[in-house]
Visitor: 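Could you have a look at this structure, given as structure tokens, before my questions?
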Amino acid sequence: MKKIVVLLLIASAFSCKNAQSVASKDNSDPTKYMNLITEKDLKTMLYIVASDEMEGRETGSKGQKKAGLYMIEQYKENNIPFPKGAKDYYQPVPAAFLNAKRNENLPDSENIWAYIEGSEKPDEVLVISAHYDHVGIENGEIYNGADDDGSGTVAVMEIAKAFAKAKKDGHGPKRSILFLHVTGEEHGLHGSRYYSENPLFPIANTITDINIDMIGRRDLEHAKTNNYVYVIGADRLSTDLHNITVAQNEKYTKLDLDFRFNDPKDPNHFYERSDHYNFAKHGIPAVFFFNGVHEDYHGKGDEPEKIEYDALTKRTQLAFVTAWELANRENRPVVDKK
């Protein structure tokens with residue numbers, strides 16, 4: 001009789017421990033980690049990434065490489081490793097590739113990547129991307145590109161930090177996440193094209209690309225408010241992705257989602273003009289967050305002091321909660337369109 005009681009106690013203890021383990025992996029609410037994304041952190045990083053010291057981050061330049069080293073230092077400080085199967089934080093992009101379509105005499109450059117492995121479906125990979133290059137120095141003037149795309153660069157880094165803290169707390173993403181900073185966007189989306197043609201993880205296992213390019217300012221269409229973001233591409237391949245983006249915004253960030261540039265007939269063709277497009281071309285659902293063009297677009301006035309950090313923070317949080325849902329939901333987004 002005593003032996004049976006002991007066995008029952010052991011079974012009960014194991015059951016409780018197992019229940020606690022399951023509870024610790026309840027990833028239904030990202031609010032705590034969304035709120036770790038702050039104006040202060042984004043501003044601190046952006047004043048470095050978009051400083052004169054980085055010399056405008058022209059593709060393959062000394063300044064771009066210096067910015068890359070800073071980004072890698074941040075990933076290391078937050079214990080976010082480079083991806084499995086890579087030897088370091090760099091994906092080299094050779095000059096021959098960068099100059100193949102139109103020779104601009106670009107030197108060798110690098111994509112930069114970091115990675116958090118999924119706890120339940122590690123072979124399925126969500127990509128969160130932004131380009132970290134800009135246009136460099138023109139006529140002796142440094143073009144710092146704080147919004148284009150310093151804003152997206154620091155957003156990806158801050159999202160990675162939030163996911164890393166969640167993992168440390170026992171709420172790591174169920175799918176793997178690749179944080180991908182691409183080079184050569186300003187010269188023709190070269191870095192993302194290189195990754196899509198030379199992926200570290202199989203394209204078939206890549207569930208979505210969330211691309212962030214210019215989310216720190218407002219355009220003339222929204223002169224009276226910065227509580228908006230343009231959403232481009234989410235429904236082009238996947239109704240699921242569109243619905244997830246809308247639902248997460250309604251639940252957590254409550255931005256005005258502006259879809260005008262998502263119209264295939266829009267003359268700006270923004271859908272084809274940023275790095276998500278090189279994933280979409282391969283049938284990967286992609287969503288592009290964007291604040292629109294302003295007076296300092298590709299101008300020397302695109303400086304960190306002009307960034308609206310409250311808007312940058314909310315838009316980064318929207319990208320984060322969208323990523324959270326994609327990384328943790330039962331099924332990957334269904335591709336139901338061509």
Side-chain angles (χ1 to χ4, degrees), residues 49 54-72 75 81-115 125-138 143 145 148-150 152-153 156-157 176-214 233 237 269-286 288 298:
V49 168
M54 307 308 178
E55 299 178 344
R57 306 187 308 281
E58 170 65 292
T59 299
S61 68
K62 182 171 66 176
Q64 189 202 34
K65 293 178 190 299
K66 194 168 190 177
L69 286 171
Y70 168 72
M71 292 152 56
I72 290 168
Y75 282 117
F82 54 81
K84 289 178 66 175
K87 65 178 183 178
D88 55 29
Y89 287 93
Y90 294 109
Q91 181 187 35
V93 182
F97 183 90
L98 294 168
N99 294 302
K101 288 198 169 184
R102 56 179 187 272
N103 188 7
E104 297 180 271
N105 294 313
L106 296 170
D108 293 340
S109 189
E110 306 85 23
N111 293 331
I112 291 173
W113 49 25
Y115 176 77
V125 180
L126 168 66
V127 176
I128 306 177
S129 62
H131 73 92
Y132 74 109
D133 64 305
H134 193 53
V135 300
I137 301 172
E138 296 182 5
Y143 286 61
D148 185 16
D149 185 27
T153 299
V156 173
M157 294 162 67
S176 298
I177 304 177
L178 179 68
F179 305 96
L180 183 64
H181 301 271
V182 294
T183 188
E185 190 270 356
E186 301 288 6
H187 292 277
L189 315 184
H190 294 323
S192 56
R193 183 166 55 88
Y194 187 83
Y195 179 83
S196 72
E197 295 175 10
N198 302 273
L200 183 62
F201 303 104
I203 286 293
N205 291 356
T206 303
I207 67 157
T208 302
D209 173 49
I210 296 174
N211 186 50
I212 309 171
D213 191 353
M214 297 178 59
L237 294 174
H269 294 288
F270 287 122
Y271 178 67
E272 294 86 9
R273 288 173 54 184
S274 193
D275 293 296
H276 60 282
Y277 185 62
N278 281 318
F279 290 90
K281 283 195 308 185
H282 291 275
I284 299 170
F288 168 27
H298 279 197

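Since this is a predicted model, take the numbers as computed values, not measurements. Computed from heavy atoms alone, side chains included, the values below leave out hydrogens, waters and symmetry copies.
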Visitor: If you apply the rule side-chain contact (heavy atoms from CB on, under 4.5 Å), what do you find for Glu185 with Ser274, and how did you get there?
Guide: CA-CA 7 Å; Glu185 190 270 356; Ser274 193; 4.1 Å; yes

Visitor: What's the separation between atom CD in Glu272 and atom NZ in Lys281, rounded to the nearest 0.5 Å?
Guide: 10.5 Å

Visitor: Can you tell me how far apart CG (Asn278) and CD (Glu197) are? Round to the nearest 0.5 Å.
Guide: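 Answer for the CG-CD pair, Asn278 versus Glu197, is 7.5 Å.
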
Visitor: In terms of ring plane angle, is the pair Tyr115 and Phe201 parallel, tilted or perpendicular, where the classes change at 30° and 60°?
Guide: parallel

Visitor: How close do Pro83 and Trp113 get, heavy atom to heavy atom, and via which atoms?
Guide: CD-CD1, 3.3 Å

Visitor: Under the side-chain contact (heavy atoms from CB on, under 4.5 Å) criterion, do Met71 and Thr153 qualify, and how do the steps go?
Guide: CA-CA 9 Å; Met71 292 152 56; Thr153 299; 3.9 Å; yes

Visitor: Of all the heavy-atom pairs spanning Val182 and Asp133, show the shortest one and how long it is.
Guide: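 Of all heavy-atom pairs spanning Val182 and Asp133, the closest is O-OD1, 3.7 Å.
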
Visitor: So, for Gly60 and Pro107, which heavy atoms are closest and what is the spacing to 0.1 Å?
Guide: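 Taking Gly60 first and Pro107 second, the nearest heavy atoms are O-CG, 3.5 Å.
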
Visitor: Parallel, tilted or perpendicular: which one describes the rings of Tyr194 and Phe97, with boundaries at 30° and 60°?
Guide: perpendicular

Visitor: Just so I know, are the side chains of His298 and Glu186 near enough to count as touching, which here means a heavy-atom distance under 4.5 Å?
Guide: yes

Visitor: What's the separation between atom OH in Tyr75 and atom OH in Tyr89, rounded to the nearest 0.5 Å?
Guide: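 These two atoms lie 9.5 Å from each other.
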
Visitor: With respect to Ser129, which candidate in Asp275, Asp213, Asp209 satisfies the side-chain hydrogen bond (donor to acceptor under 3.5 Å, both in side chains) definition?
Guide: Asp209

Visitor: Relative to each other, are the rings of His276 and Phe288 parallel, tilted or perpendicular (30° and 60° limits)?
Guide: parallel

Visitor: Can you find a pair of side-chain heavy atoms, one from His134 and one from Gln64, that are under 4.5 Å apart?
Guide: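 The answer is no, as the side chains (C-beta and beyond) never meet within the 4.5 Å cut-off.
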
Visitor: Nearest 0.5 Å please: distance from the CG atom of Asn205 over to the CG atom of Leu126.
Guide: 13.0 Å

Visitor: Between CE of Met54 and OG of Ser61, what distance do you get to the nearest 0.5 Å?
Guide: 10.5 Å

Visitor: Please examine the side chains of Val156 and His181, heavy atoms only from C-beta on, and report whether any two atoms are closer than 4.5 Å.
Guide: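 They are in contact (side-chain heavy atoms under 4.5 Å apart), so the answer is yes.
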
Visitor: Any side-chain heavy atom of Leu200 sitting closer than 4.5 Å to one from Phe82?
Guide: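 The answer is no, as the side chains (C-beta and beyond) never meet within the 4.5 Å cut-off.
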
Visitor: Taking atom NZ of Lys66 as the centre, report whether more than 12 heavy atoms of other residues, nucleotides or ligands fall under 6.0 Å from it.
Guide: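 Atom NZ in Lys66 is not packed in, count stays at 12 or less.
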
Visitor: Is any side-chain heavy atom of His131 less than 4.5 Å from a side-chain heavy atom of Asp148?
Guide: yes

Visitor: Using modelled atom types only, decide if a donor and an acceptor are shared between the side chain of Glu110 and the backbone of Gly68 within a distance under 3.5 Å.
Guide: no

Visitor: Please report the C-alpha distance between Gln91 and Asn198 in whole Å, then the side-chain angles of each, then the deciding distance to 0.1 Å, and finally whether the side-chain contact (heavy atoms from CB on, under 4.5 Å) criterion is met.
Guide: CA-CA 10 Å; Gln91 181 187 35; Asn198 302 273; 4.2 Å; yes

Visitor: Using side-chain heavy atoms (C-beta onward) and a distance below 4.5 Å, is Met157 in contact with Tyr132?
Guide: no

Visitor: What is the distance from atom OG1 of Thr183 to atom CD of Glu58, rounded to the nearest 0.5 Å?
Guide: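 Rounded to the nearest 0.5 Å, the OG1-CD separation comes to 8.5 Å.
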
Visitor: Go through Tyr90 and Ile112 one step at a time and tell me if the side-chain contact (heavy atoms from CB on, under 4.5 Å) criterion holds.
Guide: CA-CA 5 Å; Tyr90 294 109; Ile112 291 173; 4.0 Å; yes

Visitor: Decide yes or no for Tyr143 and Ile137: does some side-chain heavy atom of the first lie under 4.5 Å from some side-chain heavy atom of the second?
Guide: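 No - every pair of side-chain heavy atoms lies 4.5 Å or more apart.
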
Visitor: Considering non-hydrogen atoms only, spot the tightest contact between Arg57 and Gly150 and give its length.
Guide: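 Residues Arg57 and Gly150, closest heavy atoms: NH2-N, 3.6 Å.
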
Visitor: Between His282 (side chain) and Ile284 (backbone), is there a donor-acceptor pair under 3.5 Å?
Guide: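 Checking the backbone N and O of Ile284 against the side chain of His282, no donor-acceptor pair under 3.5 Å is found.
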
Visitor: Where is the tightest heavy-atom contact between Lys65 and Ser109, given as atom of each residue plus distance?
Guide: NZ-CA, 4.3 Å

Visitor: How far apart are the closest heavy atoms of Ala130 and Asp149, and which atoms are they?
Guide: CB-OD2, 3.4 Å

